[in-house]
Amino acid sequence: MSLLPSATVAEIARYDGQTVTLAGWVANKTEKGKLIFLRLRDGSGAIQCVVFKKNVPEATFAAAQQLTLESSCRVSGAVRADARAPGGYELDVSALEVVQVPAQEYPIQPKEHGTEFLMEHRHLWVRSAKQHALLRIRAEVIAAAQEWLNSQGFVRYDTPILTPVAAEGTTNLFATEYFDLGPAYLAQTGQLYVESGMMSFGKVYCFGPTFRAEKSKTRRHLTEFWMIEPEVAFATHEDNLVLQENFVSAIVQRCLERRAEDLKVLERDTATLERCLPPFPRISYDDALALIEQNQGQVEAATPIPWGEDLGAPHETLIASKFDKPVFVEKYPAAVKAFYMEPDPARPEVALCADLLAPEGYGEIIGGSQRIHDAALLEQRLREHGLPVESYQWYLDLRRYGSVPHSGFGMGIERCTAWIAGTHHIRETIPFPRMLYRIYP
RNA sequence: UCCCCGAUAGCUCAACGGUAGAGCGGCUGACUGUUAAUCAGUAGGUUCCAGGUUCGAAUCCUGGUCGGGGAGCCA
């Protein structure tokens, strides 16, 4: 015997006139004497179920009266199109099987709550309509990203989460003891490892959680976030930018196609998303400095900076505000960037790198570069950054045996989702966000 | 690590040194079209913690705890 429903709310229209059994949770209930309205949520959507006292046995009506918010139940009845019902269809209930009525009142009410309260109840909050829509969009972003790369001939190549050394510096790492082999660190990128796969398969990507012990307390930061990192052999910096704009556009367009309902729930203005088609505008770091100079005062704290200094968050906001599509900022001073970035042959003081800034102030969603493919230069950079060259021998090997120019990038799933969904804070784009002052639940 | 803000009923908040309050939610009752229903009734408090000032502290002061926003850094 199965307890599975015979239909889902998402496909209710095809059952018009038929009797079906739905299974789910009570999202809302209104009693009106001999009439009870239940809004039933089944994971695929929500539908209004109507219980008339005269249409059901006394015990069934009594059971319906007992239901409270988030009670679980199985409901049978005839599907009927009704203009009065939200969603266009409702269920005329003929039978009701209560699975559980909570002993205590469900904490989250259909009204305003504070952030702290909601975060404390994150395990329940994910049932709410807005969170449901947001997490569905996250799932779509992930599926779209992987399926698009697969369709382009990429091979998924999983990189380790426990690593012996730091890729981008040592201060922002979570450490743990690894048996008798000393400290191990949670990966803050899969990039170095994925480069080995690039030499094996040509086009690869890794996808998984990454960890940064940064004491960041902003709406753009999590200590644990998910990143997808493609890497391509023989790809130059230029090729890399083309790949990124095609990749991001494909993800956005797929969300527009398949998650229109969820974007509507979130009241997302989709106009800027629809414009998100290649090519994306590109400006150099030098142009960015000029742009900041010309527009000072427009964004608070976006004050002019001397050449060689990295852009801050307010600067990125100002730059992004000048474009109606994602914009690449390329060729940063090599000194402020990671050790593995290839210098521009025409101007060795800048790196062949780019950040992709999302429109509307959602910040940097991609960071990428062409990688150094010369073993001697790479080793020199390791030394300049004070990194232990012995630990990077395997990484240097990649440049000793058939080295080729290659490029890649990393896209943050949460930041990308926050932008597409139009959510202010990225903590809502992952089921259980990990932040500086929160690890529960 | 630094700067700013906050903590009062289950939730969202008010109470300007002088009796601890409202709305929502809960519970009880009424209602055949509700969409976060409406109406009537009802229960519900260690005002984050510790100390201080004062005749008197939710309110002022000091320290702490927890949380929120931002910076730096990054995706």
Side-chain angles (χ1 to χ4, degrees), chain A residues 27-39 46-55 61 65 68-69 82-87 90 92 102 104-121 128-129 167-169 171-173 188-191 209-229 244 248 300-303 309-317 332 336-338 354-358 362-368 409-419 424-427 429-430 435-438 440:
Chain A
N28 202 4
K29 176 184 159 189
T30 306
E31 274 194 81
K32 236 188 151 298
K34 300 181 174 63
L35 182 59
I36 299 173
F37 298 102
L38 301 171
R39 198 155 61 83
I47 188 170
Q48 174 158 285
C49 304
V50 188
V51 190
F52 282 92
K53 190 165 191 174
K54 65 169 190 180
N55 289 354
F61 193 79
Q65 282 181 306
T68 58
L69 217 53
D82 192 319
R84 293 171 298 182
E90 62 182 26
D92 274 330
Q104 295 163 334
E105 176 193 355
Y106 185 69
I108 300 178
Q109 301 165 16
K111 60 166 280 194
E112 296 274 331
H113 289 287
T115 304
E116 187 184 354
F117 177 81
L118 290 170
M119 290 307 301
E120 204 67 24
H121 295 85
S128 303
E168 297 177 343
T171 49
N172 297 332
L173 291 169
Q188 55 180 351
T189 172
Q191 186 211 309
T210 54
F211 306 87
R212 298 196 184 167
E214 295 162 356
K215 298 205 167 173
S216 304
K217 231 171 92 60
T218 84
R219 63 192 177 89
R220 302 180 307 281
H221 288 88
L222 300 171
T223 57
E224 177 183 310
F225 65 97
W226 289 64
M227 187 154 65
I228 190 159
E229 296 176 272
Q244 288 172 49
V248 169
E300 198 182 346
T303 49
E309 217 170 89
D310 208 354
L311 304 178
H315 302 116
E316 292 184 350
T317 303
Y332 283 72
V336 299
K337 287 292 176 180
D355 289 345
L356 183 65
L357 309 180
Y362 288 96
E364 182 183 339
I365 54 173
I366 285 181
F409 63 92
M411 185 185 80
I413 295 295
E414 290 77 16
R415 284 191 184 173
C416 183
T417 303
W419 163 50
H424 182 69
H425 201 302
I426 67 167
R427 67 185 156 212
T429 64
I430 185 168
M435 293 173 292
L436 185 52
Y437 293 121
R438 180 162 297 282
Y440 177 90

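Order of the sequence lines sets the chain letters (A, B, ...), proteins ahead of strands, with each chain counted from 1.
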For [X], report the nucleic acid contact type (base, sugar-phosphate, nothing); a contact means any heavy atom under 4.0 Å.
{"X": "A:Asp355", "result": "nothing"}
{"X": "A:Ile366", "result": "sugar-phosphate"}
{"X": "A:Glu105", "result": "sugar-phosphate"}
{"X": "A:Phe37", "result": "base"}
{"X": "A:Glu90", "result": "base"}
{"X": "A:Gly312", "result": "sugar-phosphate"}
{"X": "A:Lys217", "result": "base"}

Under 4.0 Å between a side-chain N or O of [X] and OP1 or OP2 of [N]?
{"X": "A:Arg427", "N": "B:G69", "answer": "yes"}
{"X": "A:Arg219", "N": "B:G70", "answer": "yes"}
{"X": "A:Arg212", "N": "B:G72", "answer": "no"}
{"X": "A:His121", "N": "B:C11", "answer": "no"}
{"X": "A:Lys111", "N": "B:C24", "answer": "no"}
{"X": "A:Asn28", "N": "B:A37", "answer": "yes"}

Legend entry - Ring geometry between A:Phe117 and A:His113 (parallel below 30°, tilted from 30 to 60°, perpendicular above 60°): parallel
Legend entry - base_contact_polar (B:G69 base, A:Thr218 side chain, donor-acceptor, <3.5 Å): no
Legend entry - Check: A:Gln48 side chain, B:U34 base, donor-acceptor under 3.5 Å: yes
Inset, instruction - Using the aromatic ring of A:Phe225 (for Trp, its six-membered ring), decide whether it stacks on the base of B:A75 within the limits of 5.5 Å and 30°. - result: yes
Expressed as a whole number of Å, how far does the [atom1] atom of [N] sit from that of [M]?
{"N": "B:A22", "M": "B:G44", "atom1": "C1'", "value": "14 Å"}
{"N": "B:G52", "M": "B:A37", "atom1": "P", "value": "49 Å"}
{"N": "B:G69", "M": "B:C13", "atom1": "P", "value": "14 Å"}
{"N": "B:G68", "M": "B:A30", "atom1": "P", "value": "45 Å"}
{"N": "B:G21", "M": "B:A43", "atom1": "P", "value": "14 Å"}
{"N": "B:C55", "M": "B:G64", "atom1": "P", "value": "28 Å"}
{"N": "B:U28", "M": "B:G70", "atom1": "P", "value": "43 Å"}
{"N": "B:G17", "M": "B:G23", "atom1": "C1'", "value": "27 Å"}

Legend entry - Sole residue of A:Thr417, A:Ile413, A:Thr210 in side-chain contact (heavy atoms from CB on, under 4.5 Å) with A:Trp226: A:Ile413
Legend entry - NZ/NE/NH1/NH2 to OD/OE distance under 4.0 Å, A:Glu120 and A:Arg438: yes
Legend entry - Length of the CH2-P vector between A:Trp419 and B:A75, whole Å: 17 Å
Inset, instruction - Could you list the residues that satisfy ring-ring contact (aromatic ring centres under 6.0 Å, His included) with A:Tyr106, not counting sequence neighbours? - result: none
Legend entry - Side-chain donor/acceptor of A:Gln191 to backbone N/O of A:Phe409, under 3.5 Å: no
Inset, instruction - Starting from Watson-Crick (N1-N3 plus N6-O4 or O6-N4) and G-U wobble pairs under 3.5 Å, report the runs of at least three that RNA chain B belongs to. - result: B:1-7 with B:65-71, B:10-13 with B:21-24, B:26-30 with B:38-42, B:48-52 with B:60-64
